[in-house]
Amino acid sequence: MPLTVVLAEDSPLMRDGLVGVLTRFGHQVLAAVGDADALLTAVRETGPDIVVTDVRMPPGNTDDGLRAAIALRRERPTLPVLVLSQYIEQSYAAHLLDLGSDSGIGYLLKDRVSAVTEFVDAVTHVAAGATVVDPEVVRQLLNRRHDPLRRLTPREREVLALMAEGHANAEIARELYVTEAAVNKHVSSILQKLGLHLDGQGHRRVLAVLTYLRA
């Protein structure tokens, strides 16, 4: 279904390109702004389905976009937020996931935007409540030697990596050429090994991804 979007990006060229892509896929951009203050105002005035924002933007040109997104999530905990970053910053994704709730969170590298379909799919998944993390971030985290994921088998790491990218069990099954029942078994094993015994598997999946990011 078409989504309403508020977009924040300080580069006019990049901003226009993102608006064009989202519009081409049938989504409505309610506002496209170039600084964090304007982002806060636009979201509060329009109430979009999802926010897509750069991390670094005026007025401080540091992590103003991220801080604005976090502020908006605290005001509206169910607001889906997709954050774009030029470089891999594990802490950015962790800060977003630390906000909790079952609504969508996404962290993508800007290079991913050039893969138009992947970008739009990420927007759709996050708006639907998924947690989407850039595959390159996932790959780098997998290479860390000492982490709480050391008990996971190679296949379980593959499944968790795809979970972190926002894929549902059926999508993971297609990606790995296994049955959905096999994926369900792997997910249960992952959650058990990570000590995640809270009620509600959806919330546990988010906690698993957060553990993955912090590893």
Side-chain angles (χ1 to χ4, degrees), residues 1 3 25 49-50 73 77-85 88-109 111-112 115-215:
M1 293 182 62
L3 299 169
F25 279 80
D49 294 322
I50 185 171
R73 285 277 295 196
T78 59
L79 174 66
V81 174
L82 175 60
V83 170
L84 305 177
S85 179
I88 294 176
E89 288 286 352
Q90 180 183 345
S91 62
Y92 291 162
H95 283 321
L96 287 169
L97 288 170
D98 274 340
L99 293 176
S101 91
D102 293 329
S103 61
I105 283 292
Y107 174 69
L108 288 184
L109 296 179
D111 288 347
R112 198 68 52 191
V116 172
T117 302
E118 287 185 35
F119 168 67
V120 176
D121 283 348
V123 171
T124 303
H125 277 80
V126 171
T131 300
V132 177
V133 182
D134 193 280
E136 184 59 33
V137 178
V138 170
R139 280 191 288 271
Q140 288 203 15
L141 294 175
L142 275 175
N143 291 330
R144 296 173 65 106
R145 291 185 177 180
H146 303 291
D147 58 58
L149 310 181
R150 59 187 177 275
R151 296 180 57 201
L152 303 186
T153 66
R155 176 61 86 184
E156 288 168 350
R157 284 174 174 253
E158 287 182 299
V159 171
L160 183 53
L162 291 168
M163 287 169 58
E165 293 173 24
H167 297 290
N169 287 5
E171 296 172 317
I172 295 173
R174 288 193 295 270
E175 181 74 19
L176 299 180
Y177 300 101
V178 298
T179 65
E180 188 171 353
V183 173
N184 291 338
K185 183 177 179 180
H186 287 311
V187 171
S188 295
S189 178
I190 290 167
L191 297 175
Q192 182 178 12
K193 288 180 179 180
L194 294 179
L196 302 175
H197 305 296
L198 301 180
D199 293 332
Q201 192 179 79
H203 186 53
R204 292 168 71 196
R205 287 174 72 98
V206 173
L207 288 175
V209 171
L210 180 55
T211 300
Y212 182 58
L213 288 169
R214 286 171 167 169

K.L.:
Can you measure from CG (Asn169) to NE2 (His186) and round to the nearest 0.5 angstrom?
P.N.:
11.0 Å
K.L.:
With sequence neighbours left out, write down each residue that passes side-chain hydrogen bond (donor to acceptor under 3.5 Å, both in side chains) with Arg174, or none if nothing qualifies.
P.N.:
none
K.L.:
Might you point out which heavy atoms bring Arg73 and Leu79 nearest each other, and give the distance in Å?
P.N.:
NH1-O, 2.8 Å
K.L.:
With a 4.5 Å limit on heavy-atom distance, are the side chains of Met163 and Val159 in contact?
P.N.:
yes
K.L.:
Could you go through Leu82 and Val132, starting from their C-alpha distance and side-chain angles, then the distance that decides it, and tell me whether this counts as side chain to side chain contact (heavy atoms under 4.5 Å, CB included)?
P.N.:
CA-CA 8 Å; Leu82 175 60; Val132 177; 5.5 Å; no
K.L.:
Would you check if Val123 and Ile50 make a side-chain contact, meaning some heavy-atom pair closer than 4.5 Å?
P.N.:
yes
K.L.:
Working to the nearest 0.5 angstrom, can you tell me the gap between Ser85 OG and Leu108 CG?
P.N.:
10.0 Å
K.L.:
Let me know which of Leu84, Val83, Thr131 forms a side-chain contact (heavy atoms from CB on, under 4.5 Å) with Tyr107.
P.N.:
Val83
K.L.:
Under the rule for side-chain hydrogen bond (donor to acceptor under 3.5 Å, both in side chains), what residues qualify as partners of Glu175, not counting sequence neighbours?
P.N.:
none
K.L.:
What residues, two or more places apart in sequence or in another chain, satisfy side chain to side chain contact (heavy atoms under 4.5 Å, CB included) together with Ala182?
P.N.:
Val178, Thr179
K.L.:
What distance separates Thr153 OG1 from Ile190 CD1, expressed to the nearest 0.5 Å?
P.N.:
7.5 Å
K.L.:
Name all residues meeting the salt bridge (charged side-chain N to carboxylate O under 4.0 Å, His left out) criterion together with Glu180; count only those two or more places apart in sequence or in a different chain, and write none if there are none.
P.N.:
none
K.L.:
Output every pair passing salt bridge (charged side-chain N to carboxylate O under 4.0 Å, His left out) with a member in residues 117-130, not counting sequence neighbours, ordered by first then second residue.
P.N.:
Arg112-Glu118
K.L.:
Taking all non-hydrogen atoms of both residues, which atom of Pro80 and which atom of Asp49 are closest, and how far apart?
P.N.:
CD-O, 3.1 Å
K.L.:
So, does Thr124 use its side chain to make a donor-acceptor pair with the main chain of Val120 at under 3.5 Å?
P.N.:
yes
K.L.:
Going from CZ on Arg155 to NZ on Lys185, what distance comes out if it is rounded to the nearest 0.5 angstrom?
P.N.:
13.0 Å
K.L.:
Would you check if Glu171 and Leu162 make a side-chain contact, meaning some heavy-atom pair closer than 4.5 Å?
P.N.:
no
